[in-house]
Number of protein chains: 2
Amino acid sequence: MKLDVIDRRILQVLQKEGRIANADLADKVGLSASACLRRMRALEESGIIASYVALLDQTKLGRRMDVFVEISLVGQSNEILEAFEKAVVRASEVMDCFLMAGDADYMLRVTAADPLDFERIHREQLARLPGVLRMKTSFAIRPIVRTTAFPMDTK
Amino acid sequence: MKLDVIDRRILQVLQKEGRIANADLADKVGLSASACLRRMRALEESGIIASYVALLDQTKLGRRMDVFVEISLVGQSNEILEAFEKAVVRASEVMDCFLMAGDADYMLRVTAADPLDFERIHREQLARLPGVLRMKTSFAIRPIVRTTAFPMDTK
DNA sequence: ACTGAAATCGCTAAAAC
DNA sequence: GTTTTAGCGATTTCAGT
């Protein structure tokens, strides 16, 4: 599916204002409401728009810490990787997890209220992940940039 | 602001379905439409709900790579940190950036279409960041978990 | 204080062009 | 792609718990 300029403008707006009324979106991109809605539905059905979500303020929820955890496994066989991945998707406090190139390691991001809370998460969730050889944790002090929006060419 | 069980259920739903109709949300949490809307507005005004966004499928946009970049600066003085942070917020392809504990380093996540595209981003955006002593890049192969939703107690 | 019910208003979504 | 239109959801008001 190829996107023209208007599609990209629609995506640009929706990436910042996911709950904007269709009528307002139509105004912003210079389209009638029905044409705009048709495009929006097409973008949803194609899967380019994966979902709409509310983003919460993590400090206001008391989750002040972001912690990065680099994990090395005891081996790289399919069984070991799959067992780890199955378990990590069930670890509810793991926000992100990537399989990394190089050492076939994983990079995780976990949020916690404070160091004590991280200790709990470590004990209850991270320590139970199977096949872990080594974990290296790095604490973030402060987020500088957090964005979910990809840059869009709207020239 | 304190959240009761219904507030947390509202947040839990909105973190997954950010564009749900208020009437449907009211059904899900067992409230009338007007009561539900009032709570939702209160959560927005308090800032607990920071924003609503559309999440796009990055592979469908051709952004197949996630790259982590760890950056060490030439010093930790306020001027150096501030200059770096001001520049990094303007680097449009930097999705996340955290000030890290320990070595007063930064951890960045950048998305790129492919290695060549990353080279462009490196040249145009990362190499221009001020005060950088050393950069260590790590490539992700595949995302295992990507979530923006914090776990909510809804007992 | 917070709920639910009712009335109004505006938007969505489909049809026609 | 636009305009039109019917119907439904959002929002406000008001009264009850």
Side-chain angles (χ1 to χ4, degrees), chain A residues 1-63 148-155, chain B residues 1-57 60-62 147-155:
Chain A
M1 179 176 182
K2 45 193 295 198
L3 305 174
D4 66 12
V5 188
I6 295 180
D7 290 319
R8 288 196 296 269
R9 294 205 59 199
I10 289 173
L11 293 175
Q12 186 176 45
V13 173
L14 287 175
Q15 283 191 114
K16 292 292 177 194
E17 299 174 67
R19 232 184 136 91
I20 191 174
N22 177 62
D24 295 339
L25 177 61
D27 275 353
K28 287 209 181 193
V29 303
L31 231 55
S32 68
S34 52
C36 185
L37 186 66
R38 266 197 298 268
R39 277 169 182 266
M40 190 172 141
R41 292 285 177 260
L43 291 166
E44 291 165 359
E45 267 146 47
S46 73
I48 289 175
I49 296 177
S51 63
Y52 298 93
V53 301
L55 299 181
L56 308 189
D57 182 326
Q58 73 187 83
T59 68
K60 292 208 165 100
L61 291 173
R63 302 213 157 221
T148 57
F150 299 103
M152 287 282 152
D153 268 1
T154 53
K155 199 170 3 143
Chain B
M1 180 174 181
K2 46 192 290 196
L3 306 174
D4 66 12
V5 188
I6 295 180
D7 290 319
R8 288 196 296 270
R9 294 204 60 198
I10 289 173
L11 293 175
Q12 186 176 46
V13 172
L14 287 175
Q15 282 191 114
K16 292 290 177 195
E17 299 174 67
R19 229 184 140 91
I20 190 173
N22 177 60
D24 295 340
L25 177 60
D27 275 353
K28 287 210 183 195
V29 304
L31 229 55
S32 71
S34 52
C36 185
L37 186 67
R38 263 193 304 268
R39 277 168 181 265
M40 188 172 143
R41 292 284 177 261
L43 291 166
E44 290 165 0
E45 266 145 49
S46 72
I48 290 175
I49 296 177
S51 62
Y52 298 94
V53 302
L55 299 181
L56 308 188
D57 183 327
K60 292 208 165 101
L61 291 173
T147 191
T148 57
F150 299 103
M152 285 283 152
D153 268 1
T154 53
K155 197 166 7 136

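Predicted, not measured: the structure shown is a model, and the values here were computed from it. Lettering of chains follows the sequences in order, A, B, ..., and the numbering in each one begins at 1.
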[atom1] of [X] versus [atom2] of [N]: gap in Å, rounded?
X	N	atom1	atom2	result
Ile20(A)	dA10(D)	CD1	C1'	16 Å
Leu25(A)	dA13(C)	CG	C1'	15 Å
Ile6(B)	dC2(C)	CD1	P	12 Å
Leu37(B)	dC2(C)	CG	P	15 Å
Met40(B)	dG9(D)	CE	P	15 Å

query: Between Asn22(A) and Arg39(B), which has a closest nucleotide on DNA chain C that is more 5'?
result: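 Counting from the 5' end, the first nearest nucleotide belongs to Arg39(B).
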query: Val53(A) and Leu14(B): side chain to side chain contact (heavy atoms under 4.5 Å, CB included), yes or no, with the steps?
result: CA-CA 6 Å; Val53(A) 301; Leu14(B) 287 175; over 6 Å; no
query: Rounded to the nearest 0.5 Å, what separation is found between the CD1 atom of Ile10(A) and the CG atom of Asp4(A)?
result: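 Spacing of CD1 (Ile10(A)) from CG (Asp4(A)) equals 8.0 Å.
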task: Nearest 0.5 Å please: distance from the CG atom of Leu25(A) over to the NZ atom of Lys28(A).
output: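 With rounding to 0.5 Å, CG (Leu25(A)) is 8.5 Å from NZ (Lys28(A)).
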Give the nucleotide from the list [options] with an atom nearest to the side chain of [X].
X	options	result
Ala23(B)	dG9(D), dT11(D), dG4(C)	dG9(D)
Leu31(A)	dT2(D), dT11(D), dG9(D)	dT2(D)
Ala35(B)	dG4(C), dA10(D), dT12(C)	dG4(C)
Arg41(B)	dT12(C), dT3(D), dA10(D)	dA10(D)

- prompt: Can you find a donor-acceptor pair, distance only, under 3.5 Å between Ser34(B) side chain and dA5(C) base?
  reply: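 Result: at least one qualifying N/O pair found.
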- prompt: Side-chain contact, heavy-atom cut-off 4.5 Å: Leu11(B) with Phe150(B)?
  reply: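 Leu11(B) vs Phe150(B): side chains apart.
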query: Is the distance from OP1 or OP2 of dT2(D) to the nearest side-chain N or O of Arg38(A) less than 4.0 Å?
result: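 No, outside the criterion.
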